[in-house]
Amino acid sequence: QSQLVESGGGLVQPGGSLRLSCTVSGFTVDYFSIAWFRQAPGKEREGVSWIKRSDGSTMYADSVKGRFVISTDNAKTTVYLQMNSLKPEDTAVYYCAAATSDFLSIWWSSQSRYDHWGMGTQVTVST
């Protein structure tokens, strides 16, 4: 069955870097796009970044622009989130989500657009 598995989370000091991976498998149809979301304790889940399968176009939350980079491997079976200059406020559980239907990029952070979700990986930024 369709599956998304996140990996790469961990504990890092402020200013450090981590690379998260989202491995996609079992899809009977190609996904349209993949997004990374995160949820900090006591806060709502929010969109972090998005990549469109067909042309590689990307979107970022304002809070991570210039620090995070989303990308895919050539086979488009793994989506990466390179996180640099990490801050304590980046601490959260990070989820990847896949959408199998097309939508306008302005809706990229709307969780209802995604029909497959991973279980999440914890990222903690602390001294």
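Partners of Asp115 according to the salt bridge (Lys or Arg N to Asp or Glu O under 4.0 Å) rule, which considers only residues two or more places apart in sequence or in another chain, do not exist here. Annotation: side-chain contact (heavy atoms from CB on, under 4.5 Å) contacts of Val93 (sequence neighbours excluded): Tyr95, Gln122. For Ser17, the side-chain hydrogen bond (donor to acceptor under 3.5 Å, both in side chains) partners are Asn84, not counting sequence neighbours.
Between Ser109 and Gly47, the shortest heavy-atom contact is CB-CA, 4.3 Å. Closest heavy-atom contact between Val48 and Tyr94: CG2-CE2, 4.2 Å. Annotation for Thr127 and Pro14: closest pair CG2-CD, 3.7 Å, computed over non-hydrogen atoms. Residues Thr72 and Lys76 come closest through the heavy atom pair OG1-CG, 4.0 Å. Residues Ala92 and Ala40 come closest through the heavy atom pair CB-N, 3.8 Å.
Counting only heavy atoms from C-beta outward, the side chains of Leu86 and Phe68 approach each other to under 4.5 Å.
Within the structure, disulfide (SG to SG under 2.5 Å) contacts touching residues 33-127 (residues at least two apart or in different chains) are Cys22-Cys96. Residue pairs that meet the ring pair (Phe, Tyr, Trp, His ring centres under 6.0 Å) test with at least one member in residues 11-37, sequence neighbours left out, are Phe27-His116, Phe32-Phe103, Phe37-Tyr114, Phe37-Trp117.
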Please determine whether side-chain contact (heavy atoms from CB on, under 4.5 Å) holds for the pair Val69 and Tyr80, giving the CA-CA distance in whole Å, both sets of side-chain angles, and the decisive distance to 0.1 Å. CA-CA 8 Å; Val69 178; Tyr80 303 102; over 6 Å; no

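Here the CD1-CG distance, from Ile34 to Leu4, works out to 5.5 Å after rounding to the nearest 0.5 Å. With values rounded to the nearest 0.5 angstrom, Leu20 atom CG is found 12.5 Å from Thr78 atom OG1. Taken to the nearest 0.5 Å, the OG atom of Ser21 stands 9.5 Å off from the CD atom of Gln82. Atoms CE and CZ, from Met83 and Arg19 in turn, are 11.5 Å apart once rounded to the nearest 0.5 Å. Interatomic distance, CG of Asp102 versus NZ of Lys52, reported as 6.0 Å (0.5 Å rounding). To the nearest 0.5 Å, atom NZ of residue Lys43 and atom OG1 of residue Thr91 are 10.0 Å apart.
The pair Asp90-Arg67 meets the salt-bridge criterion, with a side-chain N (NZ, NE, NH1 or NH2) lying under 4.0 Å from an Asp/Glu carboxylate O.
Both Val79 and Val123 are members of a single hydrophobic cluster when ILVMFWY side chains are connected at heavy-atom separations under 4.5 Å.
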Distance-only criterion, 3.5 Å: show the donor-acceptor pairs between side-chain atoms of residues 55-65 and protein atoms not counting sequence neighbours.
| unit_1 | atom_1 | unit_2 | atom_2 | d |
| --- | --- | --- | --- | --- |
| Asp55 | OD1 | Ser57 | N | 2.9 |
| Asp55 | OD1 | Ser57 | OG | 2.9 |
| Tyr60 | OH | Ile70 | N | 2.8 |
| Asp62 | OD1 | Lys65 | NZ | 3.1 |
| Ser63 | OG | Arg38 | NH2 | 3.4 |

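If you check the side chains of Thr124 and Ser126, you find no donor sitting under 3.5 Å from an acceptor.
No more than 12 heavy atoms of other residues, nucleotides or ligands shown are found within 6.0 angstrom of CD on Gln1.
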